[in-house]
Amino acid sequence: MKEKALIIGAGPAGLTAAYELLTKTDNIEVVVFEESGCFGGISKTVEYKGNRMDMGGHRFFSKVPEVNEWWEKMLPMQGEPAYDDILLNRSIPLSAGGPDPENSDHVMLTRHRVSRILFDSKFYDYPVSLKPETFKNMGFINTIQVGLSYLVSLVHKLPEDNLENFYINRFGRKLYSMFFEYYTENLWGRHPREIDASWGAQRVKGLSITAVLKDVFGRVFKKKNRKVETSLIEEFKYPKLGPGQLWDVTAEKIRELGGTIIKNAKVTKLHKSEENIITAVTYEKDGKEEIMAGDYVISSMPVKDLVLGMNDVPREMERIAKGLPYRDYMTLGVLVSKFNLKNLTHIKTVGNIVPDCWVYVQDRSVRMGRFQIYNNWSPYMVKDLEHTVWIGLEYFTNEGDEFWNMSEEEFSALGISEMQKLGLIDSGEVVLETHMEKVKKAYPAYFDTYDEMDRLIDYLKTIDNLYCVGRNGQHRYNNIDHSMMTSFETVKNILSGKKDKSNIWNVNTEQEYHEEK
């Protein structure tokens, strides 16, 4: 008789676990529960009147061969140029025998990465580069202050007991105050000195002024096999129709392999036996409660909801789980006929718009944290690429706050007014369409009871048949490849009978874990 795996969540981690189980064994039945009606979690793609939105911007880049092979299997790399490459006569890497994006949707594109900071109405590369325009934009006095501040940070290291000190140690106090302090506070709703330094260790990895200098000299002297920090990459992969397309394809394959996916099914309870084993889950669908028994539970649901949904949890573990914080996310898609930012780079674009995938906004007069230019992610994200620009304005909120409770009309008016304030658009008839999206618990946060997370992990490890995977499943700010790797490790453990789950929880805890092959 087959065993049964109950998988909570149809995001990258949940769907990866389902696919891996179905392709690695015939002895386990797979059932996936997804609270929403779509796949991909925060990595979903939303279509509105022919224009597509990427929730948060998702570059597909990994130095892990297993992940790259997996992506290639789902969506092969392009063998012919994409629409904008053709229009611009742009040369890009092509995969021999790969699909033509003009004739096939099942294709992964190679895209040029440009991410910049908008500060004091000027563009700065992110990560900060040492180009002449960087020093020109900063001005002589600021440049001297940045340099001296960084030298001080080299000889006087601060204890890395918070995120502020982490940034100052790597970039100096002046650069930190210019480019990191306000953005981080806007993102999390807390000052960086209140946030655990481990967030920086995961997201920034080995990036620092020193790393930038090494990269510059590596280019100048054409060093072979030079190591490149993830934040310094110049190209990335991207599904033709946005990140959600990859997970739609994966879900389709799971069903073809005999897996079951139940959409609009919210798991509310996990039934734990006296032997400390999860025996079944309760889920709500169409207003009714259903119970399903299983042998394994793979959870990518928020740790807070997971623990509070279990019976007989020790009071201390319940307290820690209840105190875990999250940051929610709102975005406004804005379709415009004219975008004011001038393209002063050497990079050619359709309509000569700026080439950025996203821009970090460092302006204390607005609440906008970032904006994406979907035209530059994929030409197929925009219905009329040559005559419109499709922008995603990103705001970081808390569920229930004044932003979260705004109507779509109010949020649209706010977003448009902030675009005008930043000089992105003029007032008048340039805005053609707007569309609002919200994502709950988009970002697991590193404050409040997070500093006791290790205790909660130790408790969760004692439940033999429970496996926590993915960003929310581990309360860890993982990239897509990290989330997938937690599921790779989980499936290996299940199939081998391995009880120690340290390999699953150790994904993305070591700085070099996914940076090296």
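Both backbone and side-chain heavy atoms feed into the values below; hydrogens, waters and symmetry mates do not.
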So, do Phe236 and Phe60 have ring centers that fall under 6.0 Å from each other?
-> no
Classify the side-chain pair His435/Glu437 by whether it contains a donor and acceptor separated by less than 3.5 Å.
-> yes
Within a strict 4.5 Å, meaning less than it, do heavy atoms of the Leu163 and Asp196 side chains meet?
-> no
Looking only at atom types and distance, does a side-chain atom of Gln78 sit under 3.5 Å from a main-chain N or O of Glu80, one as donor and one as acceptor?
-> yes
Are Tyr446 and Trp188 close enough that their ring centres sit under 6.0 Å apart?
-> no
If only atom types and distance count, is the side chain of Asp54 paired as donor or acceptor with the main-chain N or O of His58 below 3.5 Å?
-> yes
Which of these, Tyr374, Trp71, Trp377, Phe61, sits in a ring-ring contact (aromatic ring centres under 6.0 Å, His included) with Tyr238?
-> Trp377
Matching residue for Phe39 among Thr250, Ile261, Val32 - test: side chain to side chain contact (heavy atoms under 4.5 Å, CB included) | Ile261
Backbone N/O of Pro444 and side chain of Arg327: donor-acceptor pair under 3.5 Å = no
Pairing residues for Tyr176 by the ring-ring contact (aromatic ring centres under 6.0 Å, His included) criterion, not counting sequence neighbours = none
Of Asn493, Thr490, Thr486, which is the lone residue that meets side-chain hydrogen bond (donor to acceptor under 3.5 Å, both in side chains) with Asn503?
-> Asn493
Side-chain heavy-atom pair Phe33, Leu6 within 4.5 angstrom cut-off | yes
Distance from Glu235 atom CD to His112 atom NE2, nearest 0.5 Å?
-> 7.5 Å
Residue pair Leu118 / Tyr124, side-chain heavy-atom distance below 4.5 Å = no
Taking all atoms of both residues into account, what is the closest heavy-atom pair of Thr397 and Met330, and its distance?
-> CG2-SD, 3.7 Å
Side chain Lys338, main chain Val430, donor-acceptor under 3.5 Å | no
Please name all residues satisfying salt bridge (charged side-chain N to carboxylate O under 4.0 Å, His left out) with Lys253, sequence neighbours left out, ordered by chain then number.
-> none
Within the side chain of Ser483, is there an N or O that forms a donor-acceptor pair under 3.5 Å with the backbone of Gly470?
-> no
Could you tell me whether the side chain of Ser487 and the main chain of Ala13 form a donor-acceptor pair under 3.5 Å?
-> yes
Identify whether the distance between the nearest side-chain nitrogen and carboxylate oxygen of Arg190 and Glu185 falls below 4.0 Å.
-> no
Closest non-hydrogen atom pair between Glu181 and Glu164, with its separation | OE2-OE2, 4.2 Å
More than 12 non-hydrogen atoms from neighbouring residues, nucleotides or ligands closer than 6.0 Å to NZ on Lys383, yes or no?
-> no
If you look only at pairs with a residue in residues 341-352, which of them pass as a salt bridge (charged side-chain N to carboxylate O under 4.0 Å, His left out), with sequence neighbours excluded?
-> none
Would you indicate whether the side-chain heavy atoms of Glu35 and Asn264 approach each other to under 4.5 Å?
-> no
For residues 91-110, the salt bridge (charged side-chain N to carboxylate O under 4.0 Å, His left out) pairs (sequence neighbours left out) are Asp105-Lys240
Non-hydrogen side-chain atoms of Asn375 and Val350 separated by less than 4.5 Å = no
Does anything in residues 349-364 pair up under salt bridge (charged side-chain N to carboxylate O under 4.0 Å, His left out), and if so which pairs, sequence neighbours excluded?
-> Arg116-Asp356
Closest approach of Asn162 and Pro192, non-hydrogen atoms and distance?
-> CB-O, 4.0 Å
From NZ (Lys285) to CD1 (Ile262), nearest 0.5 Å = 7.5 Å
Taking only residues two or more places apart in sequence or in another chain, which ones pass ring-ring contact (aromatic ring centres under 6.0 Å, His included) with Tyr83?
-> none
Which residues satisfy the salt bridge (charged side-chain N to carboxylate O under 4.0 Å, His left out) test with Glu252, sequence neighbours excluded?
-> none
Nearest heavy atoms of Leu241 and Met381, plus distance in Å | C-SD, 3.8 Å
Excluding sequence neighbours, so at least two apart, what forms side chain to side chain contact (heavy atoms under 4.5 Å, CB included) with Lys441?
-> Pro302, Asp305, Tyr326, Asp328, Asn472
Side-chain heavy-atom pair Val359, Ile117 within 4.5 angstrom cut-off | no
Which atom pair, heavy atoms only, marks the closest approach of Ile7 to Gly14?
-> CG2-O, 3.6 Å
Results of ring-ring contact (aromatic ring centres under 6.0 Å, His included) for Phe447 - residues two or more places apart only = none
Test item: Asn376 side-chain N/O and Val354 main-chain N/O as donor-acceptor pair under 3.5 Å = yes
Find out whether Phe179 and Tyr167 are in side-chain contact, i.e. whether some heavy atom of one side chain is under 4.5 Å from a heavy atom of the other.
-> no
Report the relative orientation of the aromatic rings in Phe411 and Phe403; use parallel for angles under 30°, tilted for 30 to 60°, perpendicular for over 60°.
-> perpendicular
Examine Lys266 relative to Tyr283 and say whether NZ or CZ is less than 6.0 Å from the centre of the six-membered ring and inside a 45° cone about the ring axis.
-> no
Determine yes or no for a side-chain-to-main-chain donor-acceptor pair under 3.5 angstrom, with Asn405 supplying the side chain and Gly400 the backbone.
-> yes
Okay, side chain of Thr349, backbone of Pro355: is any donor-acceptor separation there less than 3.5 Å?
-> no
Main-chain N/O of Ser502 paired with Asn506 side-chain donor or acceptor, under 3.5 Å = yes
Quick one: does Arg476's side chain get under 4.5 Å of Arg471's, heavy atoms only?
-> no
What residue among Val469, Val31, Ile298, Val297 forms side chain to side chain contact (heavy atoms under 4.5 Å, CB included) with Ile8?
-> Val297
Would you please say whether a donor-acceptor pair under 3.5 Å links the side chains of Glu489 and Trp505?
-> no
In chain order, what residues pass the salt bridge (charged side-chain N to carboxylate O under 4.0 Å, His left out) check against Lys440, with sequence neighbours excluded?
-> Glu399
What pairs with Arg90 under salt bridge (charged side-chain N to carboxylate O under 4.0 Å, His left out), at least two apart in sequence or on another chain?
-> Asp84, Asp85
Under the 6.0 Å and 45° cation-pi test, does Lys44 pair with Trp247?
-> no
Identify the two heavy atoms, one from Asp481 and one from Ser62, that lie closest to each other, and give their separation to 0.1 Å.
-> OD2-OG, 2.8 Å
Donor-acceptor list for residues 387-396 side chains, cut-off 3.5 Å, not counting sequence neighbours:
residue: His387; atom: ND1; partner: Asp384; partner atom: OD1; Å: 3.0
residue: His387; atom: ND1; partner: Asp384; partner atom: OD2; Å: 3.3
residue: Thr388; atom: OG1; partner: Asp384; partner atom: O; Å: 2.7
residue: Trp390; atom: NE1; partner: Arg52; partner atom: O; Å: 2.8
residue: Glu394; atom: OE1; partner: Arg370; partner atom: NE; Å: 2.8
residue: Glu394; atom: OE1; partner: Arg370; partner atom: NH2; Å: 2.8
residue: Glu394; atom: OE2; partner: Tyr329; partner atom: OH; Å: 3.3
residue: Glu394; atom: OE2; partner: Gln372; partner atom: NE2; Å: 2.6
residue: Tyr395; atom: OH; partner: Glu418; partner atom: OE1; Å: 2.8

